[in-house]
Asks: 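Supplied in structure tokens, the structure appears directly below.
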Amino acid sequence: MTIHIGANPGDIAETVLMPGDPYRARWAAETFLEDAVCINEVRGMLGYTGTWKGQRVTIQGSGMGMASLSIYANELIRDFGAKTLIRIGSCGAMQEAVKVRDIIIAMTSTTLSTPSRGILRELNFAPCADYGLLRAAADAAEARGTPTHVGGIYSSDVFYDERPDLNEQMTRHGILGVEMEAAELYILALRHKVRALAVLTVSDHLLTGEALPSEQREKSFGDMVEIALEAAFK
Ligand code: ADE
């Protein structure tokens with residue numbers, strides 16, 4: 001047991017999928033895992049362990065933002081021995097060519113700051129995904145025929161951003177989409193020598209204002225979960 005995860009040693013698999021939303025962790029576990037058991041309810045941040053095609057998997061909510069994700073990822077890696085951590089979540093598109101419902105596989109994540117700032121200080125560190133996972137996820141997405149983009153994303157600290165000029169610079173520099181967690185996940189994985197990736201579904205579009213209606217979210221999010229699972233066990 002840790003401060004934020006009420007699981008027993010051994011309850012958590014080496015492969016962990018991390019949606020921001022704890023209810024999405026429950027939905028993904030009920031939909032994709034066999035024999036899923038709830039292993040965490042502390043603060044309502046639900047986590048489940050079960051099997052997918054015979055492989056043990058944990059799906060643990062991370063909460064929103066890098067500060068929250070950092071707590072769960074640190075405990076999963078340092079206390080529970082997680083070796084592969086894949087964020088599954090939503091993002092806002094920042095390029096015309098990226099459409100709502102498309103998948104983004106994040107090669108890198110740009111940020112203004114992360115909880116690791118205290119360690120990295122003035123260094124403009126480049127948080128990047130595990131290449132093997134990235135490649136496996138891109139292959140899995142291609143095999144499914146899911147419209148998918150692989151490239152850089154932006155991990156923001158603010159959802160209600162009052163600096164539109166910064167988003168414009170992201171678009172100008174080819175950033176595919178914005179979310180709020182991946183950069184710190186990548187930095188922690190690199191620091192602790194484990195594998196990390198973010199597979200994201202585009203839920204809204206910053207350039208067009210389009211947003212995915214809630215009833216259409218499930219199918220798109222399902223593609224993302226399966227791509228993440230296939231990548232983890234390739
Ligand atoms: N997650 C989904 N859409 C987002 C957006 N527009 N900004 C930040 N995080 C998001």
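Keep in mind the model is a prediction, meaning the values are calculated, not measured. We count ligands from 1, going down the list as the structure has it; atoms in each ligand are counted the same way.
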Asks: Testing Asn40, Thr58, Asp11 one by one against Thr49 for a side-chain hydrogen bond (donor to acceptor under 3.5 Å, both in side chains), which residue passes?
Replies: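 Only one of Asn40, Thr58, Asp11 forms a side-chain hydrogen bond (donor to acceptor under 3.5 Å, both in side chains) with Thr49, namely Thr58.
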Asks: Is any NZ, NE, NH1 or NH2 atom of the basic residue among Lys53 and Glu34 found under 4.0 Å from an Asp or Glu carboxylate oxygen of the other?
Replies: no
Asks: So is Arg26 actually on top of Tyr48's ring, under 6.0 Å and inside 45° of the axis?
Replies: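 No.
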Asks: Give the ring-plane orientation class for Phe233 versus Trp52, where under 30° counts as parallel, over 60° as perpendicular and anything between as tilted.
Replies: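 Rings of Phe233 and Trp52: parallel, under 30°.
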Asks: How far apart are the closest heavy atoms of Met94 and Leu207, and which atoms are they?
Replies: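 Closest heavy-atom pair between Met94 and Leu207: O-CD1, 3.6 Å.
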Asks: So for atom CG, which belongs to Leu123, do other residues, nucleotides or ligands contribute more than 12 heavy atoms lying within a distance under 6.0 Å?
Replies: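 Enclosed: over 12 neighbouring heavy atoms sit under 6.0 Å from CG of Leu123.
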Asks: Please list, by chain and number, the protein residues whose heavy atoms come under 4.0 Å of ligand 1.
Replies: Ser90, Cys91, Gly92, Phe159, Val178, Glu179, Met180, Ser203, Asp204, Leu206
